[in-house]
Amino acid sequence: MSETVDELTVTYQEGDVTTVKELDKVVLTKGAWATVMFRYQDLDRKTGEFGPDKYTIRRYQKRNGEYGQRSKFNISSRDQAQQIIEALTRWTND
(Lines give C-alpha, C1' and ligand atoms only; values in the text may rest on other atoms or scores of the structure.)
Protein backbone atom coordinates (compact mmCIF):
# COMPACT_ATOMS: atom_id res chain seq x y z
CA MET A 1 0.00 0.00 0.00
CA SER A 2 1.11 3.56 -0.70
CA GLU A 3 0.42 6.82 1.10
CA THR A 4 0.70 9.06 -1.99
CA VAL A 5 -0.28 8.70 -5.64
CA ASP A 6 3.36 9.20 -6.66
CA GLU A 7 4.33 6.06 -4.72
CA LEU A 8 1.87 3.83 -6.62
CA THR A 9 3.57 1.34 -8.95
CA VAL A 10 2.96 -1.88 -10.86
CA THR A 11 6.56 -3.04 -10.39
CA TYR A 12 6.49 -6.43 -8.73
CA GLN A 13 9.29 -8.52 -7.30
CA GLU A 14 9.42 -12.13 -6.18
CA GLY A 15 12.42 -12.32 -3.92
CA ASP A 16 15.29 -10.70 -5.81
CA VAL A 17 13.65 -11.13 -9.22
CA THR A 18 11.61 -8.33 -10.80
CA THR A 19 8.72 -10.00 -12.63
CA VAL A 20 6.84 -6.83 -13.61
CA LYS A 21 8.85 -3.77 -14.65
CA GLU A 22 7.12 -0.36 -14.72
CA LEU A 23 8.28 1.74 -17.67
CA ASP A 24 6.13 4.84 -17.22
CA LYS A 25 2.99 6.11 -15.54
CA VAL A 26 0.53 8.94 -15.95
CA VAL A 27 -1.63 10.10 -13.04
CA LEU A 28 -5.05 10.88 -14.52
CA THR A 29 -6.79 11.90 -11.27
CA LYS A 30 -5.75 12.44 -7.66
CA GLY A 31 -7.75 12.61 -4.45
CA ALA A 32 -9.70 10.08 -2.40
CA TRP A 33 -10.00 8.12 -5.65
CA ALA A 34 -6.97 8.09 -7.95
CA THR A 35 -6.75 6.87 -11.53
CA VAL A 36 -3.34 5.92 -12.88
CA MET A 37 -2.28 4.58 -16.28
CA PHE A 38 0.87 2.45 -16.40
CA ARG A 39 3.14 1.19 -19.18
CA TYR A 40 4.96 -1.99 -18.12
CA GLN A 41 6.59 -5.26 -19.16
CA ASP A 42 6.24 -8.79 -17.77
CA LEU A 43 9.21 -11.10 -17.34
CA ASP A 44 9.18 -14.19 -19.57
CA ARG A 45 10.38 -16.83 -17.12
CA LYS A 46 11.48 -19.17 -19.92
CA THR A 47 13.82 -16.71 -21.60
CA GLY A 48 14.58 -14.40 -18.67
CA GLU A 49 13.77 -11.44 -20.94
CA PHE A 50 11.02 -8.87 -20.56
CA GLY A 51 8.20 -9.10 -23.09
CA PRO A 52 6.44 -6.46 -25.15
CA ASP A 53 5.03 -3.30 -23.63
CA LYS A 54 1.66 -3.63 -21.94
CA TYR A 55 -0.70 -1.02 -20.53
CA THR A 56 -3.11 -0.91 -17.62
CA ILE A 57 -5.45 1.66 -16.08
CA ARG A 58 -5.97 1.26 -12.34
CA ARG A 59 -8.28 2.90 -9.80
CA TYR A 60 -7.20 3.31 -6.21
CA GLN A 61 -9.15 4.38 -3.15
CA LYS A 62 -7.50 6.05 -0.19
CA ARG A 63 -8.57 4.59 3.16
CA ASN A 64 -6.89 5.09 6.50
CA GLY A 65 -4.17 7.12 4.80
CA GLU A 66 -3.18 4.48 2.24
CA TYR A 67 -4.17 3.78 -1.36
CA GLY A 68 -5.54 0.33 -2.18
CA GLN A 69 -6.33 -0.90 -5.67
CA ARG A 70 -10.07 -1.21 -6.33
CA SER A 71 -10.23 -1.96 -10.06
CA LYS A 72 -8.11 -2.32 -13.17
CA PHE A 73 -8.41 -2.54 -16.93
CA ASN A 74 -5.60 -4.26 -18.81
CA ILE A 75 -5.01 -3.31 -22.43
CA SER A 76 -4.03 -6.60 -23.98
CA SER A 77 -1.92 -5.48 -26.93
CA ARG A 78 -0.41 -2.57 -28.81
CA ASP A 79 -3.18 -2.97 -31.41
CA GLN A 80 -5.88 -2.65 -28.77
CA ALA A 81 -4.12 0.43 -27.34
CA GLN A 82 -4.10 1.99 -30.81
CA GLN A 83 -7.83 1.27 -31.24
CA ILE A 84 -8.56 2.97 -27.91
CA ILE A 85 -6.44 5.98 -28.92
CA GLU A 86 -8.24 6.27 -32.27
CA ALA A 87 -11.70 6.03 -30.69
CA LEU A 88 -10.91 8.63 -27.99
CA THR A 89 -9.34 10.94 -30.54
CA ARG A 90 -12.42 10.70 -32.77
CA TRP A 91 -14.79 11.27 -29.84
CA THR A 92 -12.90 14.24 -28.43
CA ASN A 93 -12.38 15.95 -31.79
CA ASP A 94 -16.11 16.05 -32.69
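Quick caveat: nothing in here was measured; it's all calculated off a predicted structure.
Hydrophobic clustering of Ile, Leu, Val, Met, Phe, Trp and Tyr side chains at less than 4.5 Å, counting indirect connections, unites I84 with W91. Linking ILVMFWY residues whenever their side-chain heavy atoms come closer than 4.5 Å, directly or via other members, leaves F73 and V5 in distinct clusters. Residues Y60 and I75 are members of separate hydrophobic clusters, defined by side-chain heavy-atom contacts under 4.5 angstrom among Ile, Leu, Val, Met, Phe, Trp and Tyr. By the rule that hydrophobic residues join a cluster once side-chain heavy atoms approach within less than 4.5 Å of another member, I57 and Y55 end up as members of separate clusters.
Going from atom CG of L8 over to atom CD of E66 covers 10.5 Å, rounded to the nearest 0.5 Å. Taking CG from N93 and CG from L88, the interatomic distance works out to 10.5 Å, rounded to the nearest 0.5 Å.
For T92, the side chain to side chain contact (heavy atoms under 4.5 Å, CB included) criterion is met by no residue, not counting sequence neighbours. In terms of the side chain to side chain donor-acceptor pair (under 3.5 Å) criterion, R78 has no residue partners (sequence neighbours excluded). With sequence neighbours left out, T56 forms a side chain to side chain contact (heavy atoms under 4.5 Å, CB included) with V10, F38, Y40, R58, K72, N74. Not a single side chain to side chain donor-acceptor pair (under 3.5 Å) links E7 to another residue, sequence neighbours left out. Remark: D53 pairs with R39 by the salt bridge (Lys or Arg N to Asp or Glu O under 4.0 Å) rule, at least two apart or across chains. The salt bridge (Lys or Arg N to Asp or Glu O under 4.0 Å) search around K54 returns D42, not counting sequence neighbours. Partners of S77 according to the side chain to side chain contact (heavy atoms under 4.5 Å, CB included) rule, which considers only residues two or more places apart in sequence or in another chain, are D79, Q80. With sequence neighbours left out, the salt bridge (Lys or Arg N to Asp or Glu O under 4.0 Å) criterion links E14 to R45. A search for side chain to side chain contact (heavy atoms under 4.5 Å, CB included) contacts involving R59 returns T29, W33, T35, S71, not counting sequence neighbours.
Across all their heavy atoms, T11 and T9 have their closest contact at N-OG1, 3.0 Å. What you find for A34 and Y67 is that their closest heavy atoms are CB-CE2, 3.9 Å.
L23 belongs to no hydrophobic cluster with other residues, because no ILVMFWY side-chain heavy atom falls under 4.5 Å from its own, directly or through intermediates. As a member of the Ile/Leu/Val/Met/Phe/Trp/Tyr network built from side-chain separations under 4.5 Å, V17 groups with L43, F50.
For residues 27-36, there are no salt bridge (Lys or Arg N to Asp or Glu O under 4.0 Å) pairs, not counting sequence neighbours.
Panel note: side chain Q41, backbone G51; a donor-acceptor pair is recorded below 3.5 Å. For K25 (side chain) and D6 (main-chain N/O), a donor-acceptor pair under 3.5 Å exists by modelled atom type.
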